[in-house]
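Okay, so here's the structure we're looking at.
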Amino acid sequence: MVALLLPILLPAALGLLALFVPGRRHATGTALGVAGALAQLAAGLAALGVRGGFARSWLALGPLEIDFALRNDGFSSWAVVLVGLLSVLAALYSAGWWRGRGGAPGRHAALLLLAAAGGAAVLLADDLLVLILGWELVSLTLFLLAVSGRAEAGPGAAKAYVLLGLGDLALMLGAVLVGLERAAAGAVRPWSLSGLAEAPLATSGAAAGAYFLLLIAAMAKAGAMPLHSWIPTMSTATHASVMAYLPGSLDKVLGIYLLVRASTAWFAPDPTLRGVVMWIGAVTILCGVTMALVQHDLRRLLSFHAVSQVGYMLLGLGTGTLVGAMGAVFHMLNNALYKSCLFLGAGSVERETGTVELDRLGGLGRTMPVTFGCMLVAALSISGVPPFNGFASKWLVYQGCVAADEPLLLAAALFGSVLTLASFVKVLHSVFFGARPARLDEARESGGAGMSVAMVALAALCVGLGVVAGWPLERFVGPAVGLPAGGGEALAGAPAAWVPLHGDAGPPPLALPRGTYSPAAVTGLLVLGSLLALGVASLGAMRTRRRRTVFVGGGAFDRERHRFPGTEFYRTVREVPLLGRAIALGESGRLDPYELAARAGAPVVGLLRRLHTGLLQDYLAWGLVGVAAVILFFWWS
Amino acid sequence: MDRLGEWLFFYLVFPGAVFAVALGLALSWVDRKVTALVQWRKGPPPAQPFWDVVKLLGKEVVVPEQGWAAGFLALPFVALAASVLAATLLWHAALGLPGGELGDLVVVFYLLAIPSAAVILGGAASGSPLGAVGASRDMKLALAYELPLAIALLVGVFQRRPLGGDEASAATLSLAGLLRFQELAGAVVERPSGLLALLVAFVCCHAKLGFVPFDLAEADTEIGEGALLEYGGPPLAMFKLTQAVLLATLPVLLVTVFWGGLGGAPGGLAAGAGKLVLLLVAMVLVKNTNPRVRIDQALRFFWGPVTGVALVALALARMGW
């Protein structure tokens, strides 16, 4: 089963090669990036049909054995294909982006490929330690990519690394607890994941701690509140393709993958833990999108949405029902598509205009049609407007909330998507509608074709997966949560999808019909209706059109003076008593664990700083003290 | 294939396009007539709303040079298609017609948001700053009422009722399921929680229709119709038709979720029609006896007292009241 190694090894090898391409060899660097990503996609597709595993004995710790073990099942295989596809699109986009620019595309491509390899390792791992290695590789490449952004990227990258490092630490501690539990139960390979899946741990005692630690790891990676703050901070100085590929999609895929596995296969979380997950989800949805609503910087705005969307996945998973978990996995897939598309579109806008300040943009709809069209589709998808893909997955999450009997959380999720729509109305107005400032008249889509190809492909997938939502549910999403067949029926209200993930399905109290959603029929009728209405209107005067400038207050329109920037849209929201204060609190960073830790740790750091005198004799003295301590320790023992 | 043919009929003829548009225009005449009577005027003849639309269809289309022309022209048609689809799904369920369901309460909730989104994007796409002001107000108004509306609708889904010696809630988002539950356990509105929720949802639907006192997005004396400022001719006719269809749809939403639907039950269709008329008359009266509020007042009103009442209703519903 060497086929399972290829999605990891191929991008890693080509990535290492690209690392040594000199900065001026632009074409070589980008070509290697695209080749590596294509190789991963091909290897992922080839591995789709491969079932079973690959294992090489690796380490032996006394009676315990650790294998380098990979395996493939209904979830891993297509998740690797998804990662491969995203890698290809990110590489293509970057290739187009670097056209006619300075910088080091080789290094950029190399790091993206290494992240792709790490991601595939996480998804294919059959051993918790292999998973941790891949997980770490992704964190490390994220830091290196973030730090190689603009000059001011340092603090954001450091924050990302600290918070992700906290998550990684939680993952390792969780792994230790899992190993202890399993070893106590007599397992020879305590970290074997297929072994774990055969006998899921009930979340009591240490196992509850282990689940909670894995939850923290997943939250930090995926960016759920309160461990989200690295995403908005790093977004302002990091390359668009990095934002799209890592925090926008790959990190979400990995974080949610871990949590889905932990919640459906490795553990049987009890209602309290599930409640915690659901509430974190709902709070993340509402707080994330509220913060997004008041942002003035397109990248920060998008990154708060990247946070908010994770909430839907946690909420769906926390319901503990099959339909909710399917919603979470489907939303993970959909989010990767529309979020990447949005970040890439923002990158394209920034490339041509030199700014992401919403106040300084406007009227780009006509001069950058491809970017506009793709961002429009992605914006409608993320807002959950039917028939786009975001709606289908949110719909499943809502059904999960009903099955779990959670009206408040359902209301929060419904309202969150209205807020999302509001936020994207602001984006679309600020960037693409409205009056175009004169200095943006020359802004055209001047990057390579790769940029357009990547954005169009993502937008097309957003439409496609929305209209034929039954197909991905049947083929990928159902199997991922342990429903080998019949996933597509969930949209038709099939009872098989409404069972709890763990424990017995009690008989439903009433035999009432379940909610249904027929995406193809709804799309068909919407399109048909629009066209018929257009036909009727064309019988009238629809075809006689005149273009006239708009008038304001009786005078001709002046595009510099008569601007109503999108940033003015929701000023009133800040004036709502409690909400305004909550937003101010969120902006002050007083709720950010990173800032809090920095404040609390300041005295310790101050002390350490004072010890750094810069004098050689001081350091020598400390060294001697250390050596003496070591000698004393061994002497005592 | 049978189902396809059936649904094409539902969507295009009854209770969809032809029926919803005709009924909507008739209801908008009722609205105008009652308004006129309240103001001691005579009011228009019954066919006036229809002739208004016909006249608009014959006018030329003026497209603003600024902004996004394709979207500006296309959005009114999408709005009409979405509102007709919502009307079809709701009437279909409320009348208990055969053919299964294409979408549940959530789908309807979102379909009903598409017309507002279309007006907002259309206003923003017109390139006019006043259109943008109108769009921003419209969006904030939607933010304001969607929260309490969502909570109120969920009262219908989660209300606990004694049933067969046990307590149960509908726990389904299917419209047919909600109606079936009310058949078994009695209409949601019979309980205090249901009544409160109906009141909340009524106010929210009032705002969704853009009626006074929540007409601040169109406010013709301030911002000259706001988002619709640059519209004329057939696209404006489509928005007017959308408005009419919504007028014939939103009361059905309330009746379906809270009041046992239009068919079945004692009195059958006559009782159903009575419920609709009652809701409509209440709307027209509220509309004619209130002054316009400002947008910040609307936000505070909906996110404050209205959401508070909705939450109380939800809490009561969970306690079986």
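Residue numbers begin at 1 in each chain, while the letters A, B, ... track the order of the sequences.
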Toward chain B, the part of A:Phe372 with a non-hydrogen atom under 4.5 Å: side chain
Given heavy-atom pairs under 4.5 angstrom as the criterion, report whether the side chain, backbone, both or neither of B:Leu105 touches chain A. neither
With chain A, the option among B:Val62, B:Thr172, B:Leu102 that has the most non-hydrogen atom pairs under 4.5 Å is B:Leu102
Identify which part of A:Leu579 has an atom lying under 4.5 Å from any heavy atom of chain B, answering side chain, backbone, both or neither. side chain
Over 60° means perpendicular and under 30° means parallel, so classify the ring planes of B:Phe72 and B:Tyr231, tilted if in between. parallel
Heavy-atom side-chain contact between B:Trp68 and B:Ser126 under 4.5 Å: no
Is B:Leu154 close to chain A through its backbone or its side chain, or both, or neither, when contacts mean heavy atoms under 4.5 Å? side chain
So for B:Ile114, is it side chain, backbone, both, or neither that comes closer than 4.5 Å to the heavy atoms of chain A? side chain
Please confirm whether B:Phe10 and B:Trp7 have ring centers closer than 6.0 angstrom. yes
What part of B:Leu314 gets closer than 4.5 Å to chain A, counting heavy atoms only: side chain, backbone, both or neither? side chain
Residue, of B:Asp296, B:Leu299, B:Val157, that accumulates the most heavy atom pairs under 4.5 Å with chain A: B:Leu299
Among the options B:Leu147, B:Val155, B:Ile151, pick out the one with the most heavy-atom pairs lying under 4.5 Å from chain A. B:Leu147
Validation: residues 518-538 of chain A side-chain donor-acceptor distances under 3.5 Å, sequence neighbours left out:
unit_1   : atom_1 : unit_2   : atom_2 : d
A:Thr523 : OG1    : A:Pro519 : O      : 2.5
A:Ser530 : OG     : A:Leu526 : O      : 2.8
A:Ser538 : OG     : A:Leu534 : O      : 2.8

Closest non-hydrogen atom pair between A:Pro386 and B:Tyr110, with its separation: CD-CB, 3.6 Å
Report, one line per pair, each donor and acceptor closer than 3.5 Å where one atom sits in a side chain of residues 74-89 of chain B; sequence neighbours left out.
unit_1  : atom_1 : unit_2  : atom_2 : d
B:Ser83 : OG     : B:Ala79 : O      : 3.3
B:Ser83 : OG     : B:Leu80 : O      : 2.9
B:Thr88 : OG1    : B:Val84 : O      : 2.6

Only one of B:Leu56, B:Val53, B:Leu57 clears side-chain contact (heavy atoms from CB on, under 4.5 Å) with B:Pro234; which? B:Leu57
Heavy atoms, side chains only, cut-off 4.5 Å: are B:Leu143 and B:Trp303 in contact? yes
Taking side chain as everything from C-beta outward and backbone as N, CA, C, O, which of these in B:Arg160 sits under 4.5 Å from a heavy atom of chain A? Side chain, backbone, both or neither. side chain
List the steps, then state whether side chain to side chain donor-acceptor pair (under 3.5 Å) holds for B:Gln182 with B:Arg180. CA-CA 5 Å; B:Gln182 296 182 72; B:Arg180 176 91 189 106; over 6 Å; no
Bottom line for A:Leu364: the part with an atom under 4.5 Å from chain B's heavy atoms is neither
Option in B:Leu311, B:Leu175, B:Leu73 with maximal non-hydrogen atom pairs under 4.5 Å from chain A: B:Leu73
Contact leader toward chain A among B:Gly71, B:Ala150, B:Ala124, where contacts are heavy-atom pairs under 4.5 Å: B:Ala124
Chain A contacts, top residue of B:Ala125, B:Ala171, B:Gly58 (heavy-atom pairs, under 4.5 Å): B:Ala125
